[in-house]
Structure formats: structure tokens, C-alpha cells
Amino acid sequence: MTTQDSGSAPKPPAKDPWDLPDVSGLRVGVLGGTGPQGRGLAYRLARGGQRVILGSRDAGRAEQAAAELGFGVEGADNAECARRSDVVIVAVPWDGHAATLESLREELAGKLVIDCVNPLGFDKKGAYALKPEEGSAAEQAAALLPDSRVTAAFHHLSAVLLQDEGIEEIDTDVLVLGEARADTDTVQALAGRIPGMRGVFAGRLRNAHQVESLVANLISVNRRYKAHAGLRATDL
């Protein structure tokens, strides 16, 4: 008797990895939005048509930065930013990462959180990777936010390019990590809202350390060649 004769259902076709959801209606909050990386991401997403709230410890500072960015960006303190957003990007400095997330656990409950923090140290030899006790910044976020859906992405982007109003497209791939496909698909789709960018799934959160650490190598590349290099995955 064949498998078909036994009455078992045929295996469904594999999902197209580039079949991503429509995220145009999502409101994106950026914690640490007055810093270079957060400000650059807020600008690019808003310029691409996304509704964006820029968060900071100081609401007045956030409102001023939002007004400077334009494109309908709003400013708020971090707690208000987290409460009002559907998706929240964490772009705070590494040394304030844990404290910020601990203070916002309630506001971030049920939210899709995108951690883009790179734990790095610097000395006379240049940048080097730090390894948090949890394994990575993203895994630390997941441990601190048990009621949130934590992903990792947007690590390898030049803040200089993100903020340059004269640049129309950012030629780079964004490596996306997470535990649920629906969540990583959403993050990939958000990356695709920025012209020139493409979100690429790169594994579970347990693989986030090497993705975060690679920024130390990119800093070395950029210093040597006086560039703002990013990443592209070939044969995709």
C-alpha cells in the first residue's frame, strides 16, 4: 500500500521565504532614539512610510529630536514609547541595556522587541566583543523580558549612512534572529521598508553572539578603509 493509499495528507509545499507580511500599519518605537543608531533607524523607517515614536529617558529631548527628523516622527519618554508601539527597537548603549529593559518589563509585555545592541569594549588595539553572562545582548533581553517576543536585528548598520539625508538607499542586508517565524518575518519585512535593505533570517537567538560580535570586525574594516561597510549575503 502506498503512502497516498493509506489516507495520509500530502505534505504542504514549503513557504516562500520572501513571502513576508504587510507591516505598513505597525507603529515602531525606538528606545534610545536620540543616540546615533536609534535616531538613524527612526529616520529611515519614518522616511519609508512607517509610523515611528522616538523614545528617550528625557521626553523633552525625544520630542526635540523627533521634530528635527520630521516625517511624522513623535517623541516620548521610553515608557510611553514602549506602551504606544506595536514593535519596539532597543538601541540603547550596552552599559544601560539591562537597566533600561528591567524598568520597562511591564510596558514591553506582549510586544515584539528587536534588540540591535552590540556589547563591545574598546582599548588601544581597537574594538573587541564582550560576551554577556546570558550569551548575547539579545539573550539578555529575552531573559529580562519573559512576556515579550524578543528578536535580534539591525546590528551592522552605519549610523552615519542612516542619518545622511542625501543617501536614498542603504545597500545592505540585515541579519534577523528569533524563535518564531512569524516574528522574524515581521522584522524582515520592516527592514525591507528601508530602500536598499533586505532582511535575511539568520537563526535562533542562541546564535546572536557572533552576529553582535561581528560589529567589532566591521569597525576594523571601516577604520582601515575609511568606509561605512555593511554586509551582503550572496546567492540569495
Side-chain angles (χ1 to χ4, degrees), residues 23 26-104 107-108 111-120 127 136-138 140-141 144-145 148 150-165 167 170 172 174-177 186-187 190-191 193-194 197 199 208 211-212 215 218-219 228 230:
V23 296
L26 296 180
R27 182 181 285 113
V28 179
V30 184
L31 304 180
T34 56
Q37 194 79 356
R39 185 184 177 104
L41 282 169
Y43 170 68
R44 287 291 162 178
L45 287 167
R47 181 170 164 172
Q50 210 71 37
R51 292 181 295 168
V52 176
I53 303 176
L54 191 150
S56 173
R57 288 178 297 179
D58 184 328
R61 187 179 176 195
E63 290 167 358
Q64 180 180 348
E68 292 170 356
L69 291 179
F71 295 100
V73 176
E74 300 177 68
D77 63 46
N78 281 332
E80 182 70 10
C81 172
R83 274 193 296 268
R84 293 180 54 206
S85 301
D86 303 302
V87 179
V88 178
I89 298 174
V90 181
V92 300
W94 167 240
D95 58 7
H97 184 259
T100 299
L101 296 184
E102 283 180 325
S103 71
L104 297 173
E107 289 83 358
L108 292 172
K111 308 282 184 176
L112 174 57
V113 174
I114 308 170
D115 200 296
C116 70
V117 175
N118 302 302
L120 298 176
S136 64
Q140 182 183 86
L144 293 171
L145 303 173
S148 303
V150 176
T151 59
F154 300 116
H155 300 91
H156 307 131
L157 307 180
S158 164
V160 173
L161 297 184
L162 289 173
Q163 296 182 83
D164 189 333
E165 297 180 6
I167 294 176
I170 306 292
T172 193
V174 172
L175 299 183
V176 180
L177 303 97
T186 295
V187 179
L190 280 172
R193 297 277 286 168
I194 300 174
M197 275 191 201
V211 172
E212 296 169 1
V215 174
L218 283 174
I219 290 172
H228 301 292

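Worth knowing before you read on, the calculation uses all heavy atoms, side chains too, and leaves out hydrogens, waters and symmetry mates. Residue numbers run from 1 in the order of the sequence given.
Partners of His97 by ring pair (Phe, Tyr, Trp, His ring centres under 6.0 Å), not counting sequence neighbours, listed by chain and number: Trp94. Taking the side-chain hydrogen bond (donor to acceptor under 3.5 Å, both in side chains) definition, one finds that Arg57 meets it with nothing, sequence neighbours left out. Remark: Glu63 engages no residue in a side-chain hydrogen bond (donor to acceptor under 3.5 Å, both in side chains) (not counting sequence neighbours).
A distance-only check finds a donor-acceptor pair linking the side chain of Gln50 to the backbone of Leu26 [under 3.5 Å]. Asp77 places a side-chain N or O within donor-acceptor distance of the main-chain N or O of Ala79, the cut-off being under 3.5 Å. In this structure, the side chain of Glu212 engages the main chain of Ala138 through a donor-acceptor pair within 3.5 Å. Judged by distance alone, with hydrogens and angles left aside, the side-chain atoms of Ser56 form no donor-acceptor pair with the main-chain N or O of Thr34 at under 3.5 Å. The backbone N or O of Leu69 sits nowhere less than 3.5 Å from a side-chain atom of Arg39 that would complete a donor-acceptor pair. Between the side chain of Asp86 and the main chain of Arg27, a donor-acceptor pair closer than 3.5 Å is present.
Considering every non-hydrogen atom in both Lys111 and Glu107, the closest pair reads CE-O, 3.5 Å. The minimum heavy-atom distance linking Ala208 with Ser136 is given by the pair CB-OG, 3.6 Å. Of all heavy-atom pairs between Ala127 and Ile219, the closest is CB-CD1, 3.9 Å. Here the closest heavy-atom approach between residue Thr100 and residue Gly96 is recorded as OG1-O, 2.7 Å. Heavy atoms only, all atoms of each residue included: Val117 and Ala137 are closest at O-CB, 3.6 Å. Of all heavy-atom pairs spanning Leu41 and Cys116, the tightest one is CD1-SG, 4.2 Å.
To the nearest 0.5 Å, atom CD of residue Glu80 and atom CD1 of residue Ile53 are 7.5 Å apart. In this structure, Ser148 OG and Ile114 CD1 are separated by 12.5 Å, a value rounded to the nearest 0.5 Å. Here the straight-line distance linking atom OH of Tyr43 with atom CG of Asp164 works out to 8.0 Å at 0.5 Å rounding.
You'll find the side chain of Cys81 stays beyond 4.5 Å of the side chain of Val30, heavy atoms only. Counting heavy atoms from C-beta on, the side chains of His156 and Thr172 never come closer than 4.5 Å. You'll find the side chain of Arg84 reaches within 4.5 Å of the side chain of Glu74, heavy atoms only. Side chains of Leu45 and Ile89 form a contact here, defined as non-hydrogen atoms less than 4.5 Å apart. Ile194 has its side chain out of reach of Val174: every pair of non-hydrogen atoms, C-beta onward, lies at least 4.5 Å apart.
Around the CD atom of Glu102, the shell of radius 6.0 Å holds more than 12 heavy atoms that belong to other residues, nucleotides or ligands. Crowding of Arg61 atom CZ: a count of heavy atoms from other residues, nucleotides or ligands under 6.0 Å not exceeding 12.
Each of Val88, Leu190, Val187, Val150 was scored for a side chain to side chain contact (heavy atoms under 4.5 Å, CB included) with Leu112, with one residue passing: Val187. Each of Leu157, Ile167, Leu218, Leu161 was evaluated against His228; a single residue qualifies, Leu161, per the side chain to side chain contact (heavy atoms under 4.5 Å, CB included) test. Applying side chain to side chain contact (heavy atoms under 4.5 Å, CB included) to Leu144 and the options Val113, Leu104, Leu108, Leu101 leaves one that passes, Leu101.
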